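No experiment lies behind these values; they were computed from the predicted model shown. Atoms considered below: every heavy atom in the structure, side chains included; atoms not considered: hydrogens, waters and symmetry mates.
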There are 2 protein chains.
Amino acid sequence: MSLRYALLALLTSQPLTGYDVLKHFEQSVGYVWHAPDSQIYPELRRMEKDGLLRGVEETWGKKGKKKRYHITPEGVEAFRAWVNTTLDYTRERDPIHLKAAYLEWAEPDAARAQMQAHIAYHSSRAQQWQEMIDALKDRSNPILAARLETAPDADRAKISGYKIFTYEGMIERAKAEIEWARRGLELIDKLES
Amino acid sequence: MSLRYALLALLTSQPLTGYDVLKHFEQSVGYVWHAPDSQIYPELRRMEKDGLLRGVEETWGKKGKKKRYHITPEGVEAFRAWVNTTLDYTRERDPIHLKAAYLEWAEPDAARAQMQAHIAYHSSRAQQWQEMIDALKDRSNPILAARLETAPDADRAKISGYKIFTYEGMIERAKAEIEWARRGLELIDKLES
DNA sequence: GTCAACTAACTATGTTCATAGTTAGGCTGT
DNA sequence: ACAGCCTAACTATGAACATAGTTAGTTGAC
């Protein structure tokens, strides 16, 4: 269900074609909610069917066509309802921690490689989020800049404030993961000597 | 795919019936990988079909029957192969951070309620993991104690060491989430005044 | 003028997971 | 005798996701 709201979030700032949604998605909401095109296109159609979006056909070149999706008042309402509802939490399902719990079965080097991969993955993710924060602060990301420009002046501090807060949270979590994996490496050295 | 390995992990220490698996699951592996019975029963059957498990029929009372699953050498091998393979990471899909990014749309009180729910959820989870750690340390959990008893003496430090490490990681992550949500509450107060 | 790269969008298949319900025997207490 | 709970296991349905492939028009560079 979250995909729907991720898409609504994108479309609150401007109408977009399916392909635009795809591209914008990858550079903004996609950082907190990943989705492939094969999920996005059908979902946009379902949302149109449900009255949350209105699709307007446009010509493109001589024969080409595309459909631009506008959010409807119902769509805005649905989005607002979602942000105002407390989420319910689904229980953990975490492959790395599952594996860590049974690391006594692994070759020491494989165990180390896993921890190093964990560090590498989260370092790279943390760096990307940091870049998003920087882009938010200096407005160098065109998609984020556009969102800020269309918004009333009074809301700008909120819009970028909550986004920075979000990415900072992701970074902190990534750092906790990195710290944990480092301790994992030490533990492997200690137990597998 | 992880469910399969979570089940193999359980069955490495002793043969269990489907129902036993279910119960044990909830009190051990289930803390890092949640799964409902409707997923576990069919998966056990698939694993038997794939030769990872061998099911042995047992009578139960006068007319009742149950099937006890034993892990096969292929099952052990598959599990070992899994722990020795570095996982690949799938991209984030996180409803709370998605929502946090668009909190400017929420009523201040709804935003606060969301952050408080986040704190409550992760506090309760952290507490449960802490209990698991305590149970591992004093061997008061029968399932964990059984696993330790059947293992060779030399492996015991590893078995409980990696499990404690795992739960500590979950707790640290939960603490990072709580910290983040607290900062969220402060931010809401600041921005929504 | 044609080839590559991009825009635009859709389809197909299989797995995983959530949610909810069903069937049936066994055990314990009143 | 039967209620209520536990053990045991299975079924059904739909949503969500991953992975991979397909079709077709447009634009720009050489």
Legend entry - A/Ile188 with A/Ile119, same ILVMFWY side-chain cluster at under 4.5 Å: yes
Legend entry - B/Arg91 side chain near D/dC17 phosphate (N/O to OP1/OP2, under 4.0 Å): no
Legend entry - Nearest-Å distance for atom pair CD/P, residues B/Glu58 and C/dG25: 19 Å
Inset, instruction - Could you check how far OH of B/Tyr41 sits from P of D/dT7, rounded to whole Å? - result: 11 Å
Legend entry - Separation of atom CG in A/Leu22 from atom P in C/dA9, rounded to whole Å: 10 Å
Legend entry - Distance below 4.0 Å between B/Arg4 side-chain N/O and C/dT16 OP1 or OP2: no
Inset, instruction - Ignoring hydrogens and angles, answer whether the base of D/dT7 and the side-chain atoms of B/Thr17 contain a donor-acceptor pair closer than 3.5 Å. - result: no
Inset, instruction - Verify the contact: side-chain N or O of B/Tyr19 to OP1 or OP2 of D/dA9, cut-off strictly under 4.0 Å; return yes or no. - result: no
Inset, instruction - Counting heavy atoms from C-beta on, name the nucleotide in C/dT16, C/dA9, D/dA16 closest to the side chain of A/Gln39. - result: D/dA16
Legend entry - Gap separating the CG atom of B/Leu16 from the NZ atom of B/Lys66, nearest 0.5 angstrom: 10.5 Å
Legend entry - Phosphate contact (C/dA9 OP1 or OP2) by A/Arg68 side-chain N/O below 4.0 Å: no
Legend entry - Single hit among B/Arg54, B/Lys67, B/Arg68 for salt bridge (Lys or Arg N to Asp or Glu O under 4.0 Å) with B/Glu48: B/Lys67
Legend entry - Per A/Pro42 side chain, nearest of listed nucleotides C/dA8, C/dA18, C/dT11: C/dT11
Inset, instruction - Would you indicate which nucleotide in C/dG21, C/dC10, D/dA8 comes nearest to any side-chain atom of B/Asp37? - result: C/dG21
Legend entry - Nucleotide nearest A/Pro36 when distance is taken to its side chain, options D/dT11, C/dA9, D/dT19: D/dT19
Inset, instruction - For B/Lys67, report the nucleic acid contact type (base, sugar-phosphate, nothing); a contact means any heavy atom under 4.0 Å. - result: sugar-phosphate
Inset, instruction - Take atom CD1 of B/Ile40 and atom C1' of D/dA8, then tell me their distance rounded to the nearest Å. - result: 13 Å
Inset, instruction - With heavy atoms under 4.0 Å as the rule, sort B/Asp88 into base, sugar-phosphate or nothing. - result: nothing
Inset, instruction - Let me know the distance between CD of B/Glu57 and P of D/dA9, rounded to the nearest Å. - result: 9 Å
Legend entry - N or O in side chain of B/Arg93 less than 4.0 angstrom from D/dA18 OP1/OP2: yes
Inset, instruction - Can you figure out which of D/dT11, C/dC17, D/dT19 approaches the side chain of B/Ser38 most closely? - result: D/dT11
Legend entry - Between P of C/dC27 and NZ of B/Lys66, the distance in whole Å: 10 Å
Inset, instruction - Specify whether B/Tyr5 and B/Trp82 have parallel, tilted or perpendicular ring planes, treating 30° as the upper limit for parallel and 60° as the lower limit for perpendicular. - result: parallel
Inset, instruction - Starting at atom NZ of B/Lys49, determine the distance to atom C1' of C/dT15, rounded to an integer number of angstrom. - result: 13 Å
Legend entry - Cation-aromatic face contact A/Lys158/B/Tyr102, 6.0 Å, 45 degrees: no
Inset, instruction - Name the orientation class of the two ring planes belonging to A/His118 and A/Trp180 (parallel below 30°, tilted from 30 to 60°, perpendicular beyond 60°). - result: perpendicular
Inset, instruction - Could you tell me the separation between the CE atom of A/Met47 and the P atom of D/dA15, rounded to a whole number of Å? - result: 15 Å
Legend entry - Closest to the A/Met1 side chain, choosing from D/dT19, D/dA9, D/dA16: D/dA16
